[in-house]
Structure formats: structure tokens, C-alpha cells
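Below, chain A is the first sequence line, B the second, and so on; all start at residue 1. In what follows, every heavy atom counts, from backbone to side chain, and hydrogens, waters and symmetry copies are set aside. These numbers come from a predicted model, not from an experiment.
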Amino acid sequence: MFDKIKGLALLLVLSMLFTACSAGSGESQGNSTDQGGTSSTSGKKIELSFMGWGNEQERELYEKMLKGFEAKHPEYKVNYIYVPKDYDTKLKTMLTGNTLPDVFWVGETVVPDYAKTGKLEPLDAIVSMNGLDEDFVPGLLDYGKYDGKQYTIPKDWEPYVMYINVDLFNEAGVPVPTGDWTMDEFMDIAKRMTVQEDGRITQYGVGLETWWGPWSVFAGNEGGVWFKDGKANFNDPKVIKGLQRMYDLFQTDKSAPSPSALQQSGMGQSQMFETGKVAMYASGRWMVPTFRQTASFEWTAVEMPIGETRINPLFSGTLAISKDSKDKDGAAKLLTYVLSEEGLKDIIGLGLAMPNKMKYMDDPEMVNAPPAVEPFKATAQYLDTEIQLAATQSGHFSELINKYVQPELDSAFNGKQTIQEAVENIDAKANKELFNK
Amino acid sequence: MNTLSDLTAAPERTRLTRRALHKKLRDNLVGYSFIAPALIGFLAFTLLPVLAAFVIGFLNWDLLTAPTWAGIKNYAALLQDEVFLISLRNTIMWVVYYVPASIAISLILALAMNMPLRGITAFRAMLYIPVISPLLAVALLFVWLFNPDFGLINFMLSKIGIQPIGWLTDERLALPSIALMAIWKNAGWNMLIFLAALQGIPRHLYEAADLDGATKWQKFRNVTFPLLAPATFFIVIMSFIGAFQVFGEIYIMTNGGPGYSTHTLAYYLWSNAFKFNKMGYAGAISMVMFLLILLVTVLQNRFFGRKVQYDL
């Protein structure tokens, strides 16, 4: 009896060991088996893996899109690996463990980091063979390049615009701005739309986030080049002019609610817009599906106000193929399908993003209202193709932004130091520790 | 005769010892097989990563390309790194804000919850709810409570004429504000341990104290508090260890900001490892954290460890 128990215990331990060992390879190695590229209608299907990031809504969109691929290519079965949070951490871990999916999403600012590892398949041949680069939005494709080769292909991009609560503007008798409004006009409107009651502000003119997207608009629209010759270049009169406008909105005019770190990540401010506590809200195309559901008032979007010039940061999801993919032919088919008209319609039709090709801009199944589509389309003409690109190609984008820029600007926007002090600190520290080679 | 008996006895003895050895081996194997799941788990998921982190601390490794040897370069760089030193200071400040207040409040709650009242278990359960609530939910709730413009706390304060306070936006207040939330969230956990210890104190000691005419305070000072010492010691050690590793609260509520005001060692470690691709540097930070916690724990053991033994 006792021996039996002992035997059982041993068996249990051994089986636990085996399951523990096999779990590691099972989940991520969703690659094809040794069937090669031939299809077999009766037998097993060739498995491909696809990994992407997004919210719950996007997960459903991608599942639908991948079903479309399987319907068109019945010899394949796609394992969709959905990552709701900390996507980059997961991707890095998979890359280190040599368990990359066949096709996966790479953020636009980290393409060089991954490309230089040699684990991404150069896509130049696939691009020219399938005409994937035709009619691309100007500058967009460059964000997938490293060292002259195309390593990833942007599937979409997201303009940064100003959302407007039309009802609040009408109540206040302030005309809703048009796309040609200037920065000075914007600052003035933000002040006029700020409402005080009994010495307390009950409604702010504009909800403004403080992460790199928004400040790169303010700096860039004044013609500021915050990254130049491989170095941080924040101490530049034009960059300072743009950042000073943000400082004034927060501290001098108090027409924007005080920034907190949470608002960097976009939380908080969007709810303030939804509840009518801010009259304007600067954010990206990704808010459209949410506002369509939650806004109980008339709203619209206009381009960000114009300064000396106009520039829009580039936010995009780009797609890559693993160099270790066991079925590169299948991976190429999957990639091509995602970027095709039918694939894109499934993933951006809801209004989260803009298509990567100019010819799709007028297709209501890709780009649709509300809000009016013109401001979003117009942004395609002035995407940042230099400053942000140079910063990402340095390979230190994340560290520059998170360790040096954000804390200094935070302190400034919170009124703890001047913009001048912040930009001097950023340049001094980042160029000493990060870009001194 | 002698030689013969020796010869015949010898194999007998060998057989015996072999059987005994065999049995001992078998018993050991069975024992090991029982602890194997925990042991293998510890080796694979705790000890090995710790050793790996130690080695990684001496490497240049961006996680994506092959590592190169760095020697003590990472450690030397730490001493020059302003953000690291700020993180170290903030971590120590966090311990100062969090640990004493957390323990004192837990003790007071435990004393209150030890009173023989009707429905006291309902109160105990209520106080324990924050502990089992997900940190994410609690932290996001507090972010809204702390909101400077529309948060509930500032709204209440405005009713009694207090100007809006930037709980999470003011660099001096952000860290204590988060500590406030952590104290609220974790109070129930330590309370439970105190409560168990309180109920383990024999009644006759209180009766004896009553006979001697002790006041309530004297009973607490001379009976309750000394007999709680083992529990207190445990809570102090665990609270220190936990506090030095604070991360989740910061990650969710402030992302280390505003400025560097809520950068802690664990947050800066994570930033280096997974945002800046500096695994080696992160490894070095983890070793500093390890040594710091080890030092504090050894010191506590030295000074308080011997004073907490009581024979009843």
C-alpha cells in the first residue's frame, strides 16, 4: 500500500516535470510542421503564428481578419497570439528565446532595435514582388527601414488631431475652429473656453497630454528640431517656443488641467472630454471608436493648430517576419494579406487608424465619419519624416524619452522649473550619457 | 574456527549494511521526490534567476544581441548615475513613509477587531477586502480619488475651504500619496497576523494582571505588546523586504513621475531592463537591492531577533 503511494508520488512528480518542460515549447512554437509549403486539403493544416498588441476591440477585429486569411488560403491555420499589455517585453523575451512568431507587430519607434539583431527577415523582395510599397503615405515606409533595408512594413498610422466638443463651443458662442487656425488663436480659444465658478475651474479649455507625441507637435509646429546630428537638441529657440506654449496652457493661463503622469499614458484626459470637463482634447485617431460610443454630445475633430509650420508625429503599427520562420512563404502570404485591401478594411474600418496607402483614403470602408475625415486625411501631407525618424534610428529613442526628456518636462509643466532649465538639463544629460559616442 | 566464523560472518554483515544502505537511499529518494516539486520550482524559478542576475550584472547585454563582458563597469556607472541615486533615496523614503505607519495602523486595527462585539467578523472581512482586491483596481481608484481637479478628496477639502492639492502631481507629495494608498490596501494583511497572535495570548495572563489591579494601558504595555513580539518581528521584517521592492503601485499610478519623484529602485531596474534594453545595468541594480535588503534584515535579526523569544 505504502509502496503504491510512493510510486504514485514519483509518477506525479515526473509527469509534472514533463508537462513543465513541454509547456515552454508548445505555446510559442506555433510554426508549421515539416510539411513544407504544400497544401493538404484532407490532412493537417500548416500552422502560422501571428502576434499583435491592442485593446479588446482590436482583438476581435484581428480575429475576424485572420479568419478571412484562412478562408482565402485554406491550407493555413493561423494561431493568433494576442498581447494586451507590455507587448515589447514579451517580444524581447521571445526574441531572446528564439521563439518569435512567424508574423508580428513591431512599434514604429523600436524597429532599429529589432532590425539590428538579425532576427527579422528583410522584406525588400516581398515588397517589390507584391507591390506592397505602391502609393504609400509619404515618409511612412521609412519607419520600417534600417541600414537601407526594409525590415518591417507599416500597416496603418494614426494622425494626432484636436477633438472638439461642439456643444460646449455653441453654448459659449465661440465658433468651432477650422483647420487653418493658428497656435495663437488656439491659445486664445483655450482661455475663452475655460470656465470658473466661485474661484474654482469647472471646465478647462483643452485636455493636453504630456508624452512625446503632443510635445513633438508643439515643438515641431514652431519649426523646432529636437533631435539633430545624432544628438538631443532641445535647447533650440524654436523647440523652446513650442514647449513654452504647453507650459503657458498648464501654468500661466491654466486653461489645461494639470498634467499628471497618468495622463501621459492617455488615461484620465479622454474621460474628461467624454464628460464635458474639457472643451478640446488633443489626441490620436485611436480615440474615434471610443468617442463614437461614449460621447453624448456633438463632437468633431480639426487639425492641430498651425505654427511656423506644421508637423505630425508618426504613430504606426508595423509588421515583420521572423528570420527563423519555418514557412517564410506562408508568412509572406499572411503579411501580404494583412496589408491587402480586404485585410486592412477589417482592422481599421472601425476608425482606429488610417490606411497606409493614399489610394485607400477615400474609401469609406477604411476611413469613415464621424468625425469629418478631412482633418485626418490632411495630416498625411506633413508627417514627421526627419526628426522622429532620426531619433528612432539612434536606437535610444525609449531611453531618451523616458529617462531624460519626460521627467524634465514633467517638472516644467508642473511649474517646478522653467522650460529653459528643462531643455538645458535634457541636452546636457542625454548628450553626455547617451549620445557621446 | 575463528577465521572460519569470520569468513562466514563477513558476508552476513555486508548484506546487512547493504540492505540498510539501500533502505536509507530509498527513504531519501522518496523524501526528495516529495519535496521535488517545490525544490525544483525554487531552483529553476528563484535560485537560478538570482545567480543569472548576478552574472548578468557583469555583462553588457541589450537582450537582443549577444552579451559582452563588462566587468565592474555597470557598478561603477551606478555611482555616477544621478537617477539611480534619486531612486535609492526615494526607496528609502518609501520605507520611512510606509513601514512604521503601516505596522502601527495594522496593530490598532487588530486591537479593535479583537474586541468581543457582535458582527465583528463582518468588520474583519471588510478590512481584508482591499488585500484581496487587485492592485490595479485599487490603484486606478486612488488615481481618481487623488485627481487634483475633479477628485473626491479635493472636492471634500474644497468644502472646508482648502485649495486643491496635487496629490500625485506635486513632486513632494506624490510618493507619500502612493504610500497612503499602499497602507490602506495592505493594512488588512498585517492586521490578520496581529489578530492571530492576539488570540494566542493566554487569558490567564490578563486575569493575573487584573488581580494585580493593572490598568488597560499597563495590560497592553506589559502583557499584550511583549507577547506580540514574535508576530511584530515577523511583520517588521516582511514589511521592510516588501517595501524595498515597491513597484506595482508606482508603475500604475505615476510611471515614476512627476519628474523623478517616484522613481524607486525596482521601477528604475524595470525601466533599464525592459524599456532601455540595459539588462546588465538592471542586473547590477538588482544586486544592490539584494545587498540592501540583506543588510537591513541581518541588522534587524541582530538587534531584535533575540529579544522576541518568550517561554510560556
(message) Heavy-atom cut-off 4.5 Å, strictly under: side chain, backbone, both or neither for B:Trp61 against chain A?
(response) side chain
(request) Measure B:Tyr251 against the heavy atoms of chain A and call it side chain, backbone, both or neither at under 4.5 Å. (result) side chain
Specify which of [options] makes the most heavy-atom pairs with chain B at under 4.5 Å.
options	answer
A:Gln417, A:Lys429, A:Lys119, A:Lys403	A:Lys403
A:Leu409, A:Asn402, A:Thr275	A:Asn402
A:Val110, A:Asp113, A:Thr93	A:Asp113

(request) For chain A, find its close neighbours in residues 259-268 of chain B: heavy-atom separation under 4.5 Å, sorted by number, or none. (result) B:Gly259, B:Tyr260, B:Tyr268
(request) Could you please state which residues from residues 67-93 of chain B sit under 4.5 angstrom from chain A, measuring non-hydrogen atom to non-hydrogen atom, sorted by number, or 'none'? (result) B:Asp81, B:Glu82, B:Val83
I'd like to know if the side chain of [X] reaches the main chain of [Y], judged simply by a donor and an acceptor atom lying under 3.5 Å from each other, with no hydrogens or angles considered.
X	Y	result
A:Asn431	A:Ala232	yes
B:Asp170	B:Gly166	no
A:Thr392	A:Phe397	no
A:Glu421	A:Thr418	yes

(request) Return yes when atom CZ of B:Phe54 has more than 12 non-hydrogen atoms of other residues, nucleotides or ligands closer than 6.0 Å, and no otherwise. (result) no
(request) Please name the pair of heavy atoms, one in B:Ile178 and one in B:Leu168, separated by the smallest distance, quoted to 0.1 Å. (result) CG1-CD2, 3.8 Å
For the [atom1] atom of [X] and the [atom2] atom of [Y], what is their distance to the nearest 0.5 Å?
X	Y	atom1	atom2	answer
B:Leu145	B:Ile153	CG	CD1	5.0 Å
A:Ser398	A:Asp88	OG	CG	8.0 Å
B:Leu175	B:Thr254	CG	OG1	8.0 Å

(request) Inspect the contact between B:Glu249 and B:Lys185 and indicate whether a charged nitrogen and a carboxylate oxygen are less than 4.0 angstrom apart. (result) no
(message) Suppose we call two aromatic rings close when their centres sit under 6.0 Å apart. Are A:Phe234 and A:Tyr404 close by that rule?
(response) no
(message) Centre-to-centre under 6.0 Å for B:Phe142 and B:Trp184, is that the case here?
(response) yes
(request) With a 4.5 angstrom heavy-atom cut-off, could you sort out which part of A:Tyr204 is near chain B: side chain, backbone, both or neither? (result) side chain
(message) If I measure from the heavy atoms of chain B, does A:Thr202 come under 4.5 Å with its side chain, its backbone, both, or neither?
(response) backbone
(request) Take the angle between the ring planes of A:Phe413 and A:Phe250 and call it parallel below 30°, perpendicular above 60°, tilted in between. (result) tilted
